[in-house]
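In this text the structure is predicted, and so the values were computed from the model without any measurement. The sequence lines fix the lettering, A, B, ..., with proteins before strands; numbering per chain opens at 1.
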Amino acid sequence: MNNINEIEKKWQKYWLDNKSFKAITGDTTRKPYYILVEFPYPSGAGLHVGHVRSYTAQDVLARVKRMQGYNVLFPMGWDAFGAPAEQYAIKNHIHPKEAVKANVKTFKGQMMSLGFSFDWDREFSTTDPDYYKWTQWQFLQFYKHGMAYKAKKDVNWCPTCKSVLSNEDAAGGVCERCGSKVVQREKEQWMLRMSDYAEDLLKGLDDTNFAERVKLGQINWIGKSTGAEIDFTIEETNDKLTVYTTRCDTLYGVTFMVIAPEHPIIEKLKDIITNMDEIREYQKYAKTKSAFERTEVNKDKTGVKLQGITVKNPVSNKDIAVYISDYVMMDYGTGAIMAVPAHDNRDYDFAKKYNLPVVQVVEEITGTPHEAEKQKQSIVAIVYDKKNDKYLTINWGNNGGRLFIGGTRGDNESPIDCAIREIKEETGYTDVEFIREGFLINHHYYAYNKNQYFNIDATPLLFELKSETQTKQNLDEDEKFTVEWVSKKVIDTEIKDELHKKSFEYVNNPTAIAGDGKMINSDFLNGYTNKKDSIKRMLEYLKEHNIGREKVNYRLQDWIFSRQRFWGEPIPMIYCEKCGWQPMDEKDLPLLLPDVAEYEPTDNGESPLAKITDWVNTTCPKCGGPAKRETDTMPNWAGSSWYFLRFMDARNDKEFASMEAMKYWNRVDWYNGGMEHTARHLLYARFWVQFLYNIGLVPKKEMIYTRVSHGMVLGPDNQKMSKSKGNVINPDDVVKEYGADTLRTYEMFMGDYEQDVPWSTDSLRGCKRFLDKVERLKNKLNDKKGYTDSLIVLQNKIIKDIESSLSRMSYNTYISSLMILTNAYDDQEEITKEDYHLLLTLLNPVAPHITEELNEELGYDPLCYEKWPTYDESKLIEEEKEIAVQVNGKVRATITININDSEDVVKEQALDQENVKRFTEGKEIVKVIVIKGKIVNIVVK
RNA sequence: GCCUGUGUGGCGGAAUUGGUAGACGCGCUGGACUCAAAAUCCAGUGUUAGCAAUAACGUGUGGGUUCGAGUCCCACCACAGGCACCA
């Protein structure tokens with residue numbers, strides 16, 4: 001069609017004028033179905049082709065569901081608070097609401113031009129006072145139920161810009177705008193008690209149908225861990241220093257403790273700590289770091305020992321040192337840890353740096369335990385020749401392969417002495433230098449030469465060869481091997497013995513062993529062979545002696561709800577010198593943002609609102625005296641945490657949404673959005689809903705059922721689209737040149753919906769060609785009634801396939817099925833009106849404009865009111881079918897069978913094939929497998 | 001480091017419960033129509049060998065289970081995304 005843009009406009013106007021997609025609350029004649037797509041932030045850049053992908057997917061679903069007879073709620077709105085609009089306002093000295101108005105106009109126009117079937121009667125923006133009135137009202141409910149509180153929190157602070165930065169703006173530890181180093185600064189902020197909901201948010205996932213990876217994202221973010229709290233005592237003051245650990249089984253291996261630099265016990269003990277100056281200095285040093293730097297892994301560990309206090313390990317009674325270090329965080333667990341350097345990598349690094357003792361309490365187990373084992377103490381000695389970069393091995397040939405030097409320790413013989421002796425006896429080398437020793441390994445094995453099972457505690461040791469001085473070997477009769485120097489590569493491939501392999505690893509990459517194993521050096525735990533039992537036993541012990549208890553911890557923290565910005569919902573709280581923080585009276589809501597033209601942040605990091613004294617100064621709702629408004633605003637996440645509820649009853653001016661409307665729509669049946677929102681936005685929204693549920697304001701604890709996240713549309717160069725890379729595709733240009741239907745079809749055809757896919761203009765043209773072909777089919781129309789006989793089987797099959805594709809969100813195979821049907825029509829001399837109408841109906845959800853137009857030419861009623869086609873299972877059966885004949889699993893021929901043929905007939909036909917005979921002749925036919933209607937496989941020997 | 005996902009032609013990707021790997025589209029090659037081009041149509045297109053019939057190889061790598069493996073099991077490699085000193 002060459003007047004494609006006109007046709008599109010015609011139908012867009014038709015749908016709008018007729019309110020074809022209006023959702024009717026309370027309609028009992030049809031089942032409700034709520035389809036939601038994340039409402040966009042209307043940026044100045046306009047709609048992205050990525051938006052088009054997820055909107056089209058949901059639009060297809062909405063159109064199909066309507067045709068299937070559902071009352072579909074498919075709304076759209078604007079998430080318009082946020083930094084970019086504020087930045088734009090600062091630059092151009094206009095109110096951000098003006099920028100939002102302009103951008104919304106652009107976005108809406110673009111959406112209209114793409115033919116999305118939104119119910120525009122429910123449109124709103126989070127920045128509308130009618131909407132944020134209710135966001136503020138809900139904040140007051142949080143406050144009134146003790147869920148909102150003020151607390152001092154560290155924020156990213158740029159000393160040059162004098163501004164608070166979000167973590168994103170402070171990425172890499174430097175200010176995004178000016179590049180100076182970001183530091184931490186304490187600020188009073190409003191907080192929501194989201195951590196109280198950690199367990200409920202975890203459990204609630206069972207009542208959802210989120211995609212598995214989405215659920216995992218939630219689970220990860222909540223970060224539940226089960227462990228123990230253990231009390232350590234400061235002997236001088238009897239103060240308890242409590243730690244949280246998931247490995248209480250390693251308590252005997254604790255050789256020191258580490259607490260966060262901001263741990264409150266430091267202030268409490270300041271009079272007895274003898275190096276407070278040093279401590280203060282370190283605290284200051286930790287403060288100058290941004291959150292990013294502090295959490296950067298692989299950096300050198302730093303810390304300072306608290307001098308002048310005594311702490312003992314509560315089970316071993318040994319003295320242990322207490323350090324402060326920034327590798328321990330105040331906001332997780334108790335802000336203090338017990339350090340087990342042998343079994344925790346971070347503690348290991350710290351111990352190595354400050355030369356602290358390492359006590360092994362868990363041995364890794366190798367080999368398989370057996371009854372009647374003999375116990376031994378052993379060594380594995382690895383000798384390295386630095387000059388030639390080779391390792392000393394002994395090759396037992398068929399009697400055990402290649403190994404390092406092993407041996408049994410005598411009574412009172414140290415591992416080093418034993419190793420030196422064994423090296424000499426077995427290889428004759430005497431001039432070796434001890435380098436290091438690794439952790440003990442508990443090994444089970446069977447010795448062929450002694451016909452005996454052994455369980456050994458083996459010490460791996462590394463030596464360096466100093467000179468080639470060699471004496472005569474001193475071997476037992478059964479020791480038949482050759483001594484060989486080999487490279488690391490040979491060791492990696494030829495040393496198969498688990499103990500020797502591990503030993504090599506241990507001495508060459510010394511680090512903590514965090515895994516499971518056998519307990520040693522642990523008094524009553526000695527001999528336990530797995531973590532689970534050891535932990536259970538230790539917990540019993542801790543409880544008995546009143547030094548510890550089981551404890552569950554969550555990574556999830558309270559939600560920092562304050563932003564020092566202008567363009568957000570004002571927090572409706574008032575501070576009175578006399579009465580403290582007071583909530584605004586609900587009937588005074590909304591608390592409007594002032595109409596001014598200055599939005600620069602203040603020098604001290606307060607919100608721009610703080611400068612607007614007219615607005616700030618007010619009266620206390622309790623005593624009527626002078627008071628000041630809160631000047632921080634809410635985060636961007638606030639408005640998007642409940643917008644899906646508002647869509648259910650968007651024009652309600654009495655409540656945020658009526659219980660009746662929410663009960664009717666029930667919940668969001670299907671929610672699509674970006675991968676980047678599967679963790680935080682979804683968690684905030686669920687928390688918000690669960691809270692409203694608990695105070696009786698929404699009908700369900702989980703108001704979102706299915707959640708799916710789409711992949712990104714990348715640039716043609718397979719890179720993320722960005723202006724700087726010059727690989728941005730503008731949907732307007734595509735619509736203008738190829739039409740909205742082509743763009744929609746291509747975006748559905750491009751690939752797996754959940755996967756990232758690069759843009760290809762060539763493929764887009766292919767979709768245009770497909771739609772042109774559909775149009776050309778009208779030249780093949782005849783006057784016959786009903787469907788063309790030869791097409792009926794395929795038509796039914798295609799309807800079935802499409803149903804399956806759509807239920808799996810496999811939009812690309814949905815399009816592919818339509819192409820197959822179109823090609824089949826194209827192969828016919830002529831088709832009937834019914835044939836054509838069926839194709840147009842099936843194609844309508846993805847290409848609504850041209851199908852409506854062609855359908856109108858046929859003389860039918862508009863497709864948006866059409867019924868979705870169903871298939872007839874009985875018409876799917878093909879009489880004749882081609883199946884493969886295999887010989888030993890390889891396809892050698894294909895045969896055409898009748899569906900009613902007996903197994904014997906099929907078998908005979910298969911064996912009779914020329915090419916099959918070639919592979920069966922002179923061979924014994926072991927068996928013939930016939931899978932009805934699928935395959936024949938002949939097994940020959 | 002941990003978690004998750006993905007590895008299939010020149011490219012995007014199909015293959016529903018283990019049953020003819022490469023559907024569909026792009027690109028490419030040849031041909032028709034045309035003065036020519038575009039558009040359209042026809043034929044071909046995993047690799048290698050062969051005129052062909054056909055054969056060997058082929059779904060990241062190495063093993064395994066099975067009459068039969070892209071699909072199931074074990075071990076590993078690469079890439080992408082998320083989280084990250086979480087005790």
Side-chain angles (χ1 to χ4, degrees), chain A residues 212-217 219-221 223-225 227-228 243-248 250 258 294-299 301 325-329 331-340 343-347 349-350 511 514 553-557 675-676 678-679 709 711-712 718 745-746 749-752 754-767 769-770 772-773 776 800-801 804-805 807-808 810 812-820 822-823 826 882-895 914-915 918 926-929 931 933-940:
Chain A
E212 207 46 41
R213 66 171 176 170
V214 176
K215 274 192 187 177
L216 279 161
I219 290 167
N220 237 306
W221 202 272
K224 181 176 182 171
S225 90
V243 302
Y244 174 72
T245 177
T246 54
R247 290 297 302 274
C248 65
T250 61
V258 186
R294 217 181 133 170
T295 55
E296 198 179 4
V297 199
N298 299 331
K299 67 161 197 220
K301 300 231 174 336
S325 170
D326 62 1
Y327 86 89
V328 173
M329 307 289 145
D331 42 18
Y332 184 77
T334 61
I337 62 153
M338 60 180 220
V340 190
H343 306 295
D344 182 284
N345 281 313
R346 295 151 298 173
D347 300 345
D349 293 345
F350 195 83
T511 182
N553 249 320
Y554 300 91
R555 208 175 300 187
L556 186 69
Q557 292 177 13
M675 207 47 220
E676 70 276 16
T678 49
S709 298
M712 265 187 295
N718 225 333
T745 306
Y746 170 57
F749 186 58
M750 68 198 319
D752 185 334
E754 292 191 89
Q755 221 70 52
D756 293 352
V757 197
W759 179 270
S760 157
T761 303
D762 278 335
S763 279
L764 173 82
R765 286 197 199 101
C767 292
R769 243 173 267 171
F770 160 62
D772 288 346
K773 196 188 248 182
R776 262 184 278 118
K800 187 179 178 180
D801 287 351
S804 149
S805 286
S807 71
R808 285 176 292 127
S810 176
N812 52 345
T813 55
Y814 160 50
I815 307 294
S816 151
S817 293
L818 291 167
M819 287 172 171
I820 292 169
T822 303
N823 290 342
D826 199 38
E882 198 175 70
I883 65 164
V885 181
Q886 299 181 328
V887 180
N888 284 350
K890 281 196 191 328
V891 179
R892 297 301 180 189
T894 53
I895 54 174
E914 210 46 52
N915 204 39
R918 270 178 54 190
V926 183
K927 63 175 158 177
V928 179
I929 294 154
I931 309 293
K934 283 205 170 146
I935 206 161
V936 180
N937 191 8
I938 300 154
V939 186
V940 297

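- The nucleotide B:rC67 finds its pairing partner in B:rG19, both defining distances of the Watson-Crick or G-U wobble pair being shorter than 3.5 Å.
- Formation of a donor-acceptor pair under 3.5 Å by the A:Asn718 side chain with backbone atoms of A:Pro758 is not found in this model.
- Within 4.0 Å (heavy atoms only), A:Gln755 reaches sugar-phosphate atoms of the nucleic acid but no base atom.
- Picking from B:rC83, B:rC24, B:rU16 the nucleotide with the shortest atom distance to the side chain of A:Asp801 gives B:rU16.
- Proximity of a side-chain donor or acceptor of A:Arg918 to a complementary backbone N or O of A:Arg892 within less than 3.5 Å is not detected.
- Rounded to whole Å, the distance from CZ on A:Arg213 to P on B:rC3 is 18 Å.
- Nucleotide B:rG12 holds its P atom 16 Å from the CE atom of A:Met712, rounded to whole Å.
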Pair A:Asp349-A:Arg346, salt bridge (Lys or Arg N to Asp or Glu O under 4.0 Å): steps then yes or no: CA-CA 5 Å; A:Asp349 293 345; A:Arg346 295 151 298 173; over 6 Å; no
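- Relative to the side chain of A:Lys890, the nucleotides B:rC57, B:rC41, B:rG19 differ in distance, and B:rC57 lies closest.
- A:Tyr332 places no side-chain N or O within donor-acceptor distance of the main-chain N or O of A:Gln557, the cut-off being under 3.5 Å.
- Between the OH atom of A:Tyr554 and the C1' atom of B:rC83 there is a distance of 19 Å, rounded to whole Å.
- Counting only heavy atoms from C-beta outward, the side chains of A:Val928 and A:Ile938 approach each other to under 4.5 Å.
- Residue A:Arg892 places at least one side-chain N or O under 4.0 Å from the OP1 or OP2 atom of B:rA55.
- In summary, the side chains of A:Ser225 and A:Asn553 do not present any donor paired with an acceptor at a separation below 3.5 Å, with no hydrogens or angles considered.
- Taking the P atoms as reference points, B:rG58 lies 14 Å from B:rG9, given to the whole Å.
- The side chain of A:Phe749 lies closest to B:rC24, out of B:rG19, B:rC24, B:rA87.
- OP1 or OP2 of B:rA15 has at least one side-chain nitrogen or oxygen of A:Arg808 nearer than 4.0 Å.
- Distance CD (A:Glu914) to P (B:rA53): 16 Å, rounded to an integer number of Å.
- The nucleotide whose nearest atom lies closest to any side-chain atom of A:Asn937 is, among B:rA87, B:rC67, B:rU20, B:rC67.
- Nucleotides B:rG44 and B:rA53 place their P atoms 12 Å apart, quoted to the nearest Å.
- Between the side chain of A:Asp762 and the base of B:rC26 there is no donor-acceptor pair of N/O atoms closer than 3.5 Å.
- Pairing partner, B:rA55: B:rU48, with both Watson-Crick or wobble hydrogen-bond distances short of 3.5 Å.
- At least one donor-acceptor pair closer than 3.5 Å links the side chain of A:Arg213 to the backbone N or O of A:Ser709.
- Not one side-chain nitrogen or oxygen of A:Lys224 sits closer than 4.0 Å to the OP1 or OP2 atom of B:rC86.
- Remark: the separation of the C1' atoms in B:rG50 and B:rA36 is 40 Å, to the nearest Å.
- Along RNA chain B, the nucleotide closest to A:Ser816 and the one closest to A:Tyr332 are compared, and the more 5′ of them pairs with A:Ser816.
- If you measure from atom CH2 of A:Trp759 to atom C1' of B:rG13, you get 17 Å, rounded to the nearest angstrom.
- Base pairing annotation: B:rC35 forms no Watson-Crick or G-U wobble pair, as no partner gives both donor-acceptor distances under 3.5 Å.
- The side chain of A:Val757 has B:rG12 as its nearest neighbour among B:rC85, B:rG12, B:rG25.
- Following rounding to the nearest Å, A:Lys927 (NZ) and B:rG68 (P) show an atom-to-atom distance of 9 Å.
- Between the side chain of A:Ser816 and the backbone N or O of A:Asn812 there is no donor-acceptor pair closer than 3.5 Å.
- One C1' atom belongs to B:rA14, the other to B:rG70, and the distance between them is 11 Å to the nearest Å.
- Using a 4.0 Å cut-off, no side-chain N or O of A:Asn220 falls inside it from OP1 or OP2 of B:rG82.
- To the nearest whole angstrom, the two C1' atoms, one in B:rA56 and one in B:rC3, are 43 Å apart.
- Annotation: B:rG22 and B:rA75 have their P atoms spaced 32 Å apart (nearest Å).
- Across all strands shown, the partner of B:rA43 is B:rU29, judged by Watson-Crick or G-U wobble contacts whose two distances both fall under 3.5 Å.
- In this structure, B:rC76 and B:rG60 make a Watson-Crick or G-U wobble pair, each of the two defining distances being under 3.5 angstrom.
- Atom P of B:rU17 sits at a distance of 14 Å from the matching atom of B:rC73, rounded to the whole Å.
- Minimum atom distance to the side chain of A:Ser804 is reached by B:rU16, of the listed B:rG19, B:rU20, B:rU16.
- Checking B:rC83, B:rU20, B:rC41 against every side-chain atom of A:Thr894, the shortest atom distance belongs to B:rU20.
- Nucleotide B:rC24 forms a pair with B:rG12, judged by Watson-Crick or G-U wobble geometry with both contacts under 3.5 Å.
- Comparing B:rU17, B:rA87, B:rU40 by their closest approach to the side chain of A:Arg776 singles out B:rU40.
- At B:rC26, one or more side-chain N or O atoms of A:Arg769 fall inside 4.0 Å of OP1 or OP2 (strictly under the cut-off).
- Counting any heavy atom pair closer than 4.0 Å across all strands shown, A:Asn823 reaches sugar-phosphate atoms only and no base atom.
- B:rG9 takes the syn form, because its glycosidic angle lies no more than 90° either side of 0.
- When the P atom of B:rA69 is taken as reference, atom CD1 of A:Ile929 falls 12 Å away, rounded to whole Å.
- Residue A:Asn888 contributes atom CG, which lies 8 Å from atom C1' of B:rC67 at whole-angstrom precision.
- In this structure, A:Asn345 reaches neither bases nor backbone, as no heavy-atom distance under 4.0 Å exists between it and the strands shown.
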Stepwise side chain to side chain contact (heavy atoms under 4.5 Å, CB included) check, A:Leu764 with A:Trp759: CA-CA 9 Å; A:Leu764 173 82; A:Trp759 179 270; 4.2 Å; yes
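- At the heavy-atom level, A:Gly766 lies under 4.0 Å from the strands shown only through sugar-phosphate atoms.
- Contacts of A:Ile931 with the nucleic acid, taken as non-hydrogen atoms under 4.0 Å apart, include base atoms.
- Base pairing of B:rC83 is made with B:rG1, judged by Watson-Crick or G-U wobble geometry with both donor-acceptor distances under 3.5 Å.
- With RNA chain B read from its 5' end, the first of the two nearest nucleotides for A:Thr813 and A:Thr246 is the one closest to A:Thr813.
- A:Asp331 comes within 4.0 angstrom of nothing in the nucleic acid, heavy atoms only.
- Across the C1' atoms, B:rG5 and B:rG60 are found 15 Å apart, a figure rounded to whole Å.
- Each of B:rG25, B:rU20, B:rA55 was ranked by its minimum atom distance to the side chain of A:Ala884; first place goes to B:rU20.
- Distance OG/A:Ser810 to CD1/A:Ile815: 10.0 Å, rounded to 0.5 Å.
- Taking only side-chain atoms of A:Asn812, from C-beta outward, the nucleotide of B:rG13, B:rC85, B:rU40 with the closest atom is B:rG13.
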